Every structure is written in structure tokens, then in C-alpha cells.
Amino acid sequence: MTWQPTPLEEQRLDKLASLQEAGIEPYPLRVERTHTSEEALALFETLGEGEEATVTVCGRIQSMRDMGKTVFAHIVDGNGRLQLFVRREAIGEEGHRHFRKLLDLGDFVQATGTLFRTRAGEVSVQVSDWKLLSKAISPLPVVKEQEVDGEVVRYSAFADVEERYRQRYADLAVNPDVRQVFRTRAQIISAMRRFMDDHGFLEVETPILQPLYGGAAARPFTTFHNQLKQELYLRISFELYLKRLLVGGYERVYEIGRDFRNEGVSFKHNPEFTQMEFYAAYWDYNDVMAHTEQMMAYIAEQVTGSAVISYQGQEINLAPPWTRITMRDAIQKYTGIDYMNHTDAESLAVAVQEMGKARGVATQTPPGASWGKLIDGLLGDFVEPNLVQPTFVTQYPRDISPLAKGIPGDPLHVERFEFFIAGMEMGNAFTELNDPIDQRQRFEMLQQMYGSDDEELNPIDEDYLRAMRYGMPPNGGFGTGVDRLTMLLTDKTTIREVLLFPHLRERE
RNA sequence: GGCCCUGUAGCUCAAUGGCAGAGCAACUGACUCUUAAUCAGCAGGUUGGAGGUUCGAGUCCUCCCAGGGUCACCA
């Protein structure tokens with residue numbers, strides 16, 4: 001949609017013209033900053049009696065209080081804010097008038113002057129010269145803040161969630177706490193990367209555009225390469241490529257990147273999301289569990305200063321060791337059903353229905369759901385919400401775990417775990433299947449289970465099987481959602497608050 | 001996709017079916033150090049969109065759009 005200036009924008013365009021008439025360049029090329037606001041404030045504290053310091057600072061005008069002869073303005077820069085004290089005697093009649101009349105909230109300015117403390121006690125810049133750096137045409141939402149008993153109270157905050165997401169730049173510009181969320185997110189990823197690097201893992205990048213998709217049960221996005229005349233899929237996981245690298249001789253690899261799943265959006269689902277997966281040769285899922293709990297505690301400590309965090313008013317302790325419970329015990333504990341007494345889908349569905357009736361709760365046993373799917377459904381409905389403290393749920397049904405190694409003597413389970421924190425699934429891992437014959441059978445079993453028109457059915461990846469036939473070391477693998485981890489460590493209840501530009505429906 | 005809720009000035013919000021309002025921002029001015037500055041004045045609207053009921057609709061009805069919640073779906 002083309003831009004039609006609003007009346008407020010027309011006023012600012014008029015000011016822009018006045019500035020240019022006065023010979024002021026509204027979008028100059030060069031900036032002469034000597035100090036950030038933070039540095040300027042620190043510098044002032046080091047000054048001795050009678051000492052002076054001149055600084056040139058830059059930032060966006062956040063507030064302006066015009067007292068006639070004197071104008072007080074706060075500018076905000078990357079890490080803080082600073083008050084400008086603009087006095088007519090100090091900068092001359094014209095500079096004073098232009099500052100008062102032609103600048104607006106939202107403009108970027110540069111100001112030069114000496115640091116001093118006002119009568120009210122705030123360290124400020126006594127401006128002797130200023131320069132416009134960028135004229136803002138559209139008014140940012142006005143946010144006023146006041147300090148009451150050390151707490152910052154905000155007024156008229158920009159709060160409409162839809163507009164905040166659609167215009168994240170404006171959200172970030174006026175809401176410092178939002179800026180902080182994404183700093184924390186960067187720290188989380190940085191700490192995760194450090195932990196992996198320090199444990200001998202090699203960071204790699206594998207294809208996002210893939211001729212075949214796999215590694216998860218999800219519908220992919222499809223696209224097309226014109227010159228190759230080839231249909232391509234955006235990856236739904238990294239798994240099959242990372243394990244090829246173990247065949248190639250790397251012992252420990254990981255990747256942090258974007259996965260794409262063509263599914264519904266919700267408070268914990270976005271069509272593209274960030275995952276970290278790793279694979280370690282000679283590890284089994286017990287080793288992966290130990291690594292997981294250490295890593296999560298490390299990240300929390302690095303980011304929040306403690307392995308004990310607060311999420312939605314609940315205290316959560318990420319320090320190892322975490323609770324470990326088998327799937328069978330977990331289901332039994334929270335539903336009363338021992339699914340080993342119902343080892344086929346039909347019988348288990350009956351047991352689930354009876355349990356639901358007895359407890360007066362709705363249960364879902366969709367026709368055609370496999371035994372494993374039913375168990376997974378019970379986990380999601382009855383167990384997951386209770387797992388507030390970090391918990392590993394271990395030993396998953398084989399039929400929903402086609403890439404995990406079986407447990408010897410147990411035809412129904414595999415060495416797989418998921419871990420849960422704050423009632424949310426945070427990750428998935430297993431002792432990886434490295435037997436190419438078994439793997440082919442698992443893939444073929446899936447083909448029968450899903451039916452050929454089910455889009456969640458992964459095509460059989462013959463190249464992956466070929467790689468495995470060259471010999472893949474036994475290994476443990478792991479995947480976790482970085483967005484959900486960020487939600488946890490920033491105390492946010494929706495994934496959109498931790499994505500800079502969450503996906504929204506197109507308007508009009 | 002089902003159900004529920006929401007959409008009014010740039011921002012935050014009012015308005016029993018009866019003249020669309022307030023605060024902040026803007027604009028005009030006053031003011032010797034203010035900090036949600038203050039004071040005086042002035043302006044700002046297709047009430048998300050399209051229909052309908054009614055003498056009269058921001059308000060009631062239908063459809064559509066967008067968002068939120070919830071359920072379904074989603075390893």
C-alpha cells in the first residue's frame with residue numbers, strides 16, 4: 001500500500017522543508033560521536049573538583065521539555081539515555097529556536113557540550129552545538145516514564161500486540177524491555193555455542209533446501225529450483241544430514257539454525273523456528289541426558305546468573321541431576337494406566353476411554369492412531385502439564401521413533417527421551433539407530449502406517465541409507481527448540497515475544 | 001478449521017440505541033533548572049470493511065478482514 005501522509009506527518013514534512021531552507025541537512029553523511037551516553041555518565045563520575053569534560057553524544061530524542069529559555073531533552077542511544085540541556089545563551093538564538101521548533105520526538109541528533117549536574121541532580125550535557133542526524137517523519141508511539149520508588153512506571157505504552165509485531169521496529173524503539181528480550185536471546189545462543197564448542201563439537205551448516213525431507217513427522221514447505229527443474233523442500237530437521245557427517249568421520253557435530261514446518265501457529269509454534277541439534281559418536285542417550293542437563297544449567301547461569309530461574313511465578317531449578325522417569329511410569333503415575341497391560345492400539349484405546357469416563361475428562365483416541373501415538377497423546381494431555389521441574393521422560397514407543405535404537409529384549413520401546421520444563425516439551429533425543437538394515441525396515445513400516453497420501457510421511461531417503469551402509473558409529477543425538485528455551489529464560493508465554501518478526505497473516 | 005473475546009484520534013482508553021469524548025503526542029503561545037514539567041488556547045475521526053434493522057447504530061443483526069484466547073491439528 002502506498003503511503004498517504006497523515007496530518008501529523010504533513011507537519012513534520014513541513015518542518016523538514018524549513019530545516020532545509022535554514023541550511024540544515026536532515027540526513028547528513030557523517031557523525032562525530034565521542035561518547036555513548038553510558039560512557040559520558042561514567043566519565044562525569046571520574047571528574048575531580050573544577051575539572052570539565054566536553055563530549056559529543058548521539059541518540060534519538062525521547063522527550064522534550066521546553067522551558068522557554070532552556071529546553072530539556074532526553075536522548076536514547078544503544079545502552080542508555082542522557083539529558084541534553086539546551087540553553088539559549090549557550091548556543092545562540094538561532095540554534096535554540098531551531099532546536100525548539102524544528103526537532104521532534106523520534107529525531108536522531110548529535111549534541112556537543114560539557115557535562116554538568118543540574119539542580120535537580122541529573123548529569124546532563126550543556127549543549128554548545130548540535131546537529132540533526134535523521135529527521136523522523138512518522139511519530140513513534142509516545143511512551144512516558146516516571147520513577148516511583150526506584151521502579152519505572154510507564155504511561156501510554158505501545159501495547160497493541162498486533163501492531164507491536166507488525167511494526168517491531170517501533171516496538172523496539174519505544175519498549176526497552178523488548179530490546180532486552182532479544183539481547184537475552186543472543187546470549188542464550190552464544191552460551192549454547194560456547195558450551196558445545198568447549199565440549200569438542202564442530203559447528204556445521206547443512207542444506208536448508210533439500211531434495212527430500214526427513215527427521216521429523218511434519219509437513220514441509222515446498223519450492224522449486226528453476227534451472228535444475230527440481231522440486232525442493234525446506235528442511236523440517238537437520239538430523240539426517242548431521243548423521244551423514246558422523247559417517248564421514250566427524251565425532252561430534254552440531255548445528256544451530258532454522259527449521260520450517262508447514263503447520264498451524266500457536267503460542268509455541270511458528271512456521272519457522274530455531275533448533276539446535278547435535279550428534280556425538282560413542283554416546284548413548286544416557287550420555288546425552290548428562291550433557292543436556294549440564295548445558296541447560298550452564299546457559300541459565302550464563303544468562304541469568306543462576307541455574308534457578310523464575311518462570312510465570314514458579315521457581316524452576318535447572319541444576320543437575322534432573323528427574324528421570326520412564327514413559328511407562330510417567331503414564332501410570334498421571335493416568336493410572338499401565339500401558340503394558342494393553343500392548344495393542346485397540347485395547348489401549350479402550351483403556352484410555354474408560355479412564356477418561358472414570359475421571360470425567362475428554363480423551364482423544366482418534367481411529368487409526370497407533371499404539372505409540374495413543375501413548376504420546378496421554379503424555380501430552382496428562383503428563384506434560386505436570387512436568388514443571390526439568391524432567392527426562394525416557395523409553396519411548398518404537399512405532400513413533402523410527403530413527404532410535406531399540407532396547408534389547410524389549411520389542412516395544414526404544415532408547416529415546418524427551419525433556420520437559422515448565423510443562424513444555426523442550427527437546428527430543430535418542431540413542432541413534434545405526435543399523436542400515438533395521439533402518440530400512442523402520443522406514444518401510446512407516447510407509448505402511450501412514451499411507452502414501454499422508455504428507456507427514458517422509459519419503460525413503462536412499463542416500464541416507466547408503467551413507468549408513470558405509471558404517472555409522474554408535475551415537476547419541478539431540479534436538480532442542482531455541483525459541484522455547486528463550487521463552488523459558490525471558491519469562492514469556494508466547495513464542496512471538498521471542499521472535500523478532502513472528503509470522504502474521506497478511507493484511508488486506 | 002470450530003467456539004469465545006477484541007478492533008473508536010498517532011498512542012492508551014471512555015461513550016444506557018440519542019450531539020463521538022479524555023489524557024498523552026501534535027499545533028499556537030506563556031515560562032530563568034525541567035524530568036509523566038506546568039499553564040492558556042487550538043486542532044485532530046469513513047468508530048476495521050460491506051450490508052441490514054431502526055425515526056436514529058460506535059452500540060443490535062448478517063457477512064467479511066485482522067488479532068488474541070481456547071479446542072482440534074502438530075513426534
Side-chain angles (χ1 to χ4, degrees), chain A residues 5-12 14-15 62-74 81 83-89 100-101 104-106 116-122 124 126 136-148 152-167 170-171 174-175 215-219 236-237 239 261-271 362 364 366 369-370 372-373 375-377 379-381 384 396-397 399-404 414 416 418 425 427-428 430 446 455-456 458 479 493-494 496 502 504-508:
Chain A
T6 65
L8 291 180
E9 289 168 334
E10 294 282 8
Q11 284 174 0
R12 293 201 177 193
D14 291 344
K15 289 183 183 181
Q62 184 193 35
S63 65
M64 198 157 0
R65 292 172 296 281
D66 184 352
M67 307 296 297
K69 266 184 163 172
T70 308
V71 182
F72 294 87
H74 272 107
R81 62 175 211 160
Q83 182 169 258
L84 304 183
F85 181 90
V86 184
R87 193 166 199 182
R88 191 188 303 164
E89 278 100 61
R100 294 174 67 192
K101 294 297 169 192
D104 289 292
L105 303 186
F116 78 112
R117 196 182 289 279
T118 64
R119 265 178 229 164
E122 180 163 353
S124 307
Q126 163 100 34
I137 306 301
S138 303
L140 279 170
V142 176
V143 176
K144 294 213 164 194
E145 28 188 68
Q146 178 186 214
E147 243 179 67
V148 181
V152 177
V153 182
R154 320 195 64 199
Y155 302 87
S156 303
F158 182 43
D160 183 288
V161 290
E162 181 179 352
E163 287 310 316
R164 282 183 49 235
Y165 297 156
R166 288 192 193 277
Q167 302 188 55
D171 186 28
V174 303
N175 290 324
R219 275 177 294 176
I236 57 175
S237 85
E239 173 148 6
R261 294 186 185 175
N262 209 337
E263 290 162 356
V265 295
S266 80
F267 74 93
K268 53 181 178 177
H269 296 91
N270 194 65
Q364 310 132 30
S370 71
K373 279 227 173 202
I375 292 170
D376 200 50
L379 181 76
D381 292 344
E384 186 171 332
Y396 270 59
D399 68 67
I400 56 170
S401 313
L403 298 162
V414 293
R416 169 181 173 187
E418 291 185 320
E425 183 204 327
N428 183 20
F430 23 93
L446 279 187
E455 282 186 88
E456 281 183 17
N458 293 187
T493 55
T494 113
R496 292 187 182 123
L504 296 179
R505 202 182 300 270
E506 202 171 2
R507 204 143 52 174
E508 281 158 307

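What's counted below: heavy atoms across the whole structure, side chains too, no hydrogens, waters or symmetry copies. Chain letters run A, B, ... following the sequence lines, proteins first and then strands; every chain starts at 1. From a predicted model like this one, the values you see are computed outputs, not experimental measurements.
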Only pairs with both distances under 3.5 Å count, Watson-Crick or wobble alike; so what is the partner of [N] in this structure?
{"N": "B:rC39", "answer": "B:rG29"}
{"N": "B:rC3", "answer": "B:rG69"}
{"N": "B:rC24", "answer": "B:rG10"}
{"N": "B:rU46", "answer": "none"}
{"N": "B:rC60", "answer": "B:rG52"}

Look up atom [atom1] in [X] and atom [atom2] in [Y], then write down how far apart they are to the nearest 0.5 Å.
{"X": "A:D171", "Y": "A:E163", "atom1": "CG", "atom2": "CD", "value": "10.5 Å"}
{"X": "A:F85", "Y": "A:T70", "atom1": "CZ", "atom2": "OG1", "value": "4.5 Å"}
{"X": "A:M64", "Y": "A:R100", "atom1": "CE", "atom2": "CZ", "value": "10.5 Å"}
{"X": "A:I236", "Y": "A:N262", "atom1": "CD1", "atom2": "CG", "value": "11.0 Å"}

On a whole-Å scale, what distance lies between the [atom1] atoms belonging to [N] and [M]?
{"N": "B:rA15", "M": "B:rG21", "atom1": "P", "value": "15 Å"}
{"N": "B:rG48", "M": "B:rU8", "atom1": "C1'", "value": "10 Å"}
{"N": "B:rU54", "M": "B:rU59", "atom1": "C1'", "value": "13 Å"}
{"N": "B:rA57", "M": "B:rA20", "atom1": "C1'", "value": "12 Å"}
{"N": "B:rU28", "M": "B:rA14", "atom1": "P", "value": "31 Å"}
{"N": "B:rG52", "M": "B:rA66", "atom1": "C1'", "value": "23 Å"}
{"N": "B:rG10", "M": "B:rG45", "atom1": "C1'", "value": "12 Å"}
{"N": "B:rC64", "M": "B:rC4", "atom1": "P", "value": "13 Å"}

Base, sugar-phosphate or nothing for [X]? Non-hydrogen atoms, less than 4.0 Å.
{"X": "A:L504", "answer": "sugar-phosphate"}
{"X": "A:K268", "answer": "nothing"}
{"X": "A:P397", "answer": "nothing"}
{"X": "A:G427", "answer": "nothing"}

Over how many whole Å does the gap from [X] atom [atom1] to [N] atom [atom2] extend?
{"X": "A:R164", "N": "B:rC11", "atom1": "CZ", "atom2": "P", "value": "14 Å"}
{"X": "A:D14", "N": "B:rU28", "atom1": "CG", "atom2": "P", "value": "10 Å"}
{"X": "A:N262", "N": "B:rC74", "atom1": "CG", "atom2": "C1'", "value": "12 Å"}
{"X": "A:K373", "N": "B:rC74", "atom1": "NZ", "atom2": "C1'", "value": "8 Å"}
{"X": "A:Q167", "N": "B:rC11", "atom1": "CD", "atom2": "C1'", "value": "12 Å"}
{"X": "A:E384", "N": "B:rA75", "atom1": "CD", "atom2": "C1'", "value": "11 Å"}
{"X": "A:E425", "N": "B:rA75", "atom1": "CD", "atom2": "C1'", "value": "7 Å"}
{"X": "A:R166", "N": "B:rA66", "atom1": "CZ", "atom2": "P", "value": "8 Å"}

Under 4.0 Å protein heavy-atom contacts per nucleotide of nucleotides 30-49 of chain B, with B for base, S for backbone only and - for none: -BSBBBBB------------
Identify which nucleotide among [options] has an atom closest to any side-chain atom of [X], counting heavy atoms from C-beta outward.
{"X": "A:F267", "options": "B:rU70, B:rA66, B:rA75", "result": "B:rU70"}
{"X": "A:E263", "options": "B:rC27, B:rA75, B:rC74", "result": "B:rC74"}
{"X": "A:V161", "options": "B:rG10, B:rG67, B:rA75", "result": "B:rG67"}
{"X": "A:T494", "options": "B:rU12, B:rC11, B:rG69", "result": "B:rG69"}

With no hydrogens and no angle check, do the side chains of A:R416 and A:N428 hold a donor and an acceptor under 3.5 Å apart?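 A:N428 and A:R416 do have a side-chain donor-acceptor pair below 3.5 Å.
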When you compare the side chains of A:Q62 and A:R81, does any donor N or O come within less than 3.5 Å of an acceptor on the partner?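 Distance-only check passes for A:Q62 and A:R81.
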On RNA chain B, check which nucleotide each of A:N428 and A:V265 is closest to and give me the residue with the more 5' one.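 Final value for this comparison: A:V265.
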RNA chain B: 5'-proximal contact among A:E418 and A:T6 (nearest heavy atom):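 Between the two, 5'-proximity favours A:T6.
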State, to 0.1 Å, how close [X] and [Y] come at their nearest heavy-atom pair, and which atoms those are.
{"X": "A:L105", "Y": "A:S63", "result": "CD2-CA, 3.6 Å"}
{"X": "A:F158", "Y": "A:Q167", "result": "CE2-O, 4.4 Å"}
{"X": "A:E418", "Y": "A:E425", "result": "OE2-OE2, 3.3 Å"}
{"X": "A:L446", "Y": "A:D399", "result": "CD2-O, 4.4 Å"}

Does OP1 or OP2 of B:rC74 have a side-chain N or O of A:R261 closer than 4.0 Å?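 For B:rC74, OP1/OP2 do not have a side-chain N/O of A:R261 under 4.0 Å.
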